[in-house]
Enquirer: 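Please read through the structure below; I'll follow up with questions.
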Amino acid sequence: MIARVSYPQGGQPAEAYRQRQFLVGEIARRQASVAAAEADIGRAVVGGLRAAGTPPWSAEVAAEIERIGAAERAVGQHEAELRAIEAEAAAAAAGADPSGRCPACRSAVAPGQRYCPACGEKLGARGELGAPGELAVPACERCARPVSAGESYCTGCGWRLALSRGRWFRTRWFRVLLAGIALYVFCQALLSGSHLPAFIVGELVIGAGLVPVAFVTWFYERGTRSQTPLGVLVATFVAGAVLGCGAVAVLGSPFDLQGNAKYLPVGFIEEGCKIAIVLTWLRRADLRDPDKGLVIGAATGMGFAAFETMQYGFVAFFTAVQAGTEPTSAMVALLNARAVLAPLGHGTWTGILAAVIWYERSAGRSPFGARVWLTYVGVSLLHALFDIAAGSSVGPAPIPFSSGAQVSIFAIFLGLLGFLAIVGIVRLGRRGRDPVAVFFDRAARLARDASRPQQPPPPPWQQGPPQQGPWQQGPPR
Amino acid sequence: MSLYDRAINAASDAAKASVANYQRSVRRRAVQEQIAYQHGIIQWSSARIGRLALEAGLPLPEQALPAAAAIRGFEAELAQLYQQLAAFDAQFGPPPPQR
């Protein structure tokens with residue numbers, strides 16, 4: 001007896017269904033065999049036609065033969081590609097460098113050279129370098145213009161070349177940062193062991209100057225198209241530190257304000273003192289490039305930040321001594337917090353303001369025009385808000401972040417705002433656009449749109465016929 | 001070159017080599033898939049040409065004769081199988097719908 005099973009639909013018993021499935025499978029197998037045999041016949045026919053040079057008997061056959069030819073050519077190309085991949089894998093396994101570069105310093109080396117001409121690394125130790133055809137031809141990644149060795153920027157489009165970029169951990173700014181952190185930690189260990197005053201000073205100088213110096217090195221090395229002379233940067237860094245902080249100390253705050261309001265004049269005074277130092281470079285003929293103005297501004301601000309941090313650290317140390325608490329940990333906490341916040345603060349604000357002045361001058365406008373003053377007000381307000389948020393002060397310094405995580409997050413947000421602005425300036429400048437004009441034109445358009453009274457759009461039956469689309473206008477002339 | 005430079009270079013080279021190996025294996029797989037696809041096209045077009053040649057009744061090359069004989073045998077078997085299938089469906093009704 002054949003058991004009946006319950007299918008959702010249909011009434012075949014299970015055994016019969018299995019037999020039917022077997023039949024279906026057999027039919028599929030026979031069909032596949034027929035197709036394979038037909039393909040054998042087809043190959044033989046095509047071979048015969050090609051050998052005899054006779055045309056195919058129908059257009060359909062001609063199309064199929066054409067398709068086979070295209071597929072065979074594609075297979076040939078793919079097989080060549082596969083061989084190249086295998087050869088590359090074999091070369092990599094043997095230790096050769098197919099990029100044609102020194103494995104140590106990444107500078108280009110010619111095939112056959114056994115030592116790198118740039119750093120003296122022995123190349124033979126890692127196997128022969130790539131074949132002559134594989135040696136990379138140095139060219140700009142953006143416009144493909146050939147570039148010569150030693151060029152950092154493409155002369156055709158101003159693109160910063162990948163050849164000059166190197167690896168980020170081999171850059172000077174990273175080495176400065178790394179070495180500074182090592183020295184800072186070393187000094188801290190010595191200080192906790194001995195409490196010698198020399199280590200307190202060392203800790204203070206390194207902790208305060210580490211991030212500002214690394215930031216300025218980054219700008220000097222990578223940030224912009226043209227390099228500002230190192231002497232100018234060092235001079236403006238020191239001037240920002242000593243003269244800027246000195247001027248702020250002498251001027252003080254002319255207003256006797258209490259609470260958060262006291263930070264408002266602080267922002268204006270400090271930004272004013274820093275930009276006054278930056279402006280001393282404005283007349284130098286070799287520093288007319290707006291990028292150089294930006295770097296000078298950043299260096300001045302960072303010098304100021306370093307000196308200010310040092311001052312705060314000193315005050316924090318002696319305040320803790322007077323209060324009878326652990327002075328070193330108070331100082332180190334302040335140094336750490338300000339080191340984290342340093343790239344988001346003084347250097348960025350002064351860099352923005354200096355860049356606006358330099359761009360205005362290079363566009364033929366007054367370097368003391370309305371846009372510059374508006375920027376001055378903007379960065380000063382940003383400075384004041386940042387001070388309020390971070391809880392820092394020009395008076396006896398509380399440790400930043402002491403007032404809670406929410407405040408510090410807001411401070412970082414404000415700092416990032418400035419940092420993004422400076423990154424935007426660098427990027428727009430690199431594309432050959434005037435960032436000041438871009439920003440103020442857009443702001444003016446937004447203000448115009450906002451002030452215009454909003455009228456509701458007319459109903460569709462009053463709007464007239466739809467405009468003619470480009471697809472209805474006929475072919476272009 | 002300092003020890004620091006060498007250590008950094010060695011770590012960088014190792015990372016780069018593993019990335020390059022991975023990228024190479026992805027490229028290799030993509031190329032192999034393309035080759036298989038193109039072989040499929042060749043097979044399909046050859047079968048189509050073979051079918052057209054059989055339908056046109058053209059004289060076949062000698063090396064195609066065994067395949068032509070095999071096709072005749074397969075077609076006879078297929079006719080029998082289709083008959084059995086029709087008999088099954090007549091006896092037990094239509095099959096359940098395929099999901």
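The structure displayed is predicted, hence computed values, not measured ones.
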Enquirer: Can you say whether B:Leu81 sits under 4.5 Å from chain A via the side chain, the backbone, both, or neither, judging by heavy atoms?
Expert: both

Enquirer: So what's closer than 4.5 Å to chain A heavy atoms on B:Ala17: side chain, backbone, both or neither?
Expert: neither

Enquirer: Taking every non-hydrogen pair under 4.5 Å, which of B:Ala53, B:Ala68, B:Ser46, B:Ala56 racks up the most with chain A?
Expert: B:Ser46

Enquirer: If I take atom CZ from residue A:Arg29 and atom CD from residue B:Glu77, how far apart are they, to the nearest 0.5 angstrom?
Expert: 11.5 Å

Enquirer: Considering only heavy atoms, which portion of B:Ala20 lies under 4.5 Å from any heavy atom of chain A: side chain, backbone, both, or neither?
Expert: neither

Enquirer: Between A:Leu210 and A:Gly180, which heavy-atom pair has the shortest distance, and what is it?
Expert: CD1-CA, 3.3 Å

Enquirer: Using a cut-off of under 4.5 Å on heavy-atom pairs, state which of B:Gln34, B:Arg28, B:Gln63 scores highest against chain A.
Expert: B:Arg28

Enquirer: Taking atom CD of B:Gln91 and atom CZ of A:Arg20, what is their separation to the nearest 0.5 Å?
Expert: 13.0 Å

Enquirer: Side chain, backbone, both or neither: which part of A:Leu178 has a non-hydrogen atom closer than 4.5 Å to chain B?
Expert: side chain

Enquirer: If you count heavy-atom pairs under 4.5 Å between each of B:Ser45, B:Ala70, B:Ala64, B:Gly50 and chain A, which one has the most?
Expert: B:Ser45

Enquirer: So, B:Arg51 and B:Glu75, do they make that salt bridge, N to O below 4.0 Å?
Expert: yes

Enquirer: For B:Leu58, which atoms come within 4.5 Å of any heavy atom of chain A: side chain, backbone, both, or neither?
Expert: side chain

Enquirer: Who among A:Glu72, A:Glu86, A:Gln77 has the most heavy-atom pairs with chain B under 4.5 Å?
Expert: A:Glu86

Enquirer: Search all heavy atoms of A:Pro55 against all heavy atoms of A:Leu49 and return the closest pair with its distance.
Expert: O-CD2, 4.2 Å

Enquirer: Return the minimal non-hydrogen interatomic distance between B:Ile71 and A:Ala37, and the atom names on each side.
Expert: CG1-CB, 3.3 Å

Enquirer: Under 4.5 Å, counting heavy-atom pairs only, tell me which of B:Ile41, B:Leu65, B:Leu78 racks up the most with chain A.
Expert: B:Leu78

Enquirer: Between B:Gln43 and A:Arg43, do the side chains contain an N or O donor and an N or O acceptor separated by less than 3.5 Å?
Expert: yes

Enquirer: Any side-chain heavy-atom pair from A:Ile68 and B:Ile49 closer than 4.5 angstrom?
Expert: yes

Enquirer: Can you tell me which of A:Gly42, A:Ala70, A:Pro56, A:Ala74 forms the most heavy-atom pairs within a distance under 4.5 Å of chain B?
Expert: A:Gly42

Enquirer: Is B:Leu54 in contact with chain A via its backbone, its side chain, both, or neither, using a 4.5 Å heavy-atom distance?
Expert: side chain

Enquirer: Side chain, backbone, both or neither: which part of A:Glu79 has a non-hydrogen atom closer than 4.5 Å to chain B?
Expert: both

Enquirer: Under 4.5 Å heavy-atom distance to chain A, tell me which part of B:Arg27 shows up: side chain, backbone, both or neither.
Expert: both

Enquirer: At a 4.5 Å cut-off on heavy atoms, which part of A:Val46 comes close to chain B: side chain, backbone, both, or neither?
Expert: side chain

Enquirer: Roughly how far, to the nearest 0.5 Å, is CZ of B:Arg29 from CD1 of A:Ile85?
Expert: 11.0 Å

Enquirer: In terms of heavy-atom contacts, does CD of B:Glu62 have more than 12 from other residues, nucleotides or ligands at under 6.0 Å?
Expert: no

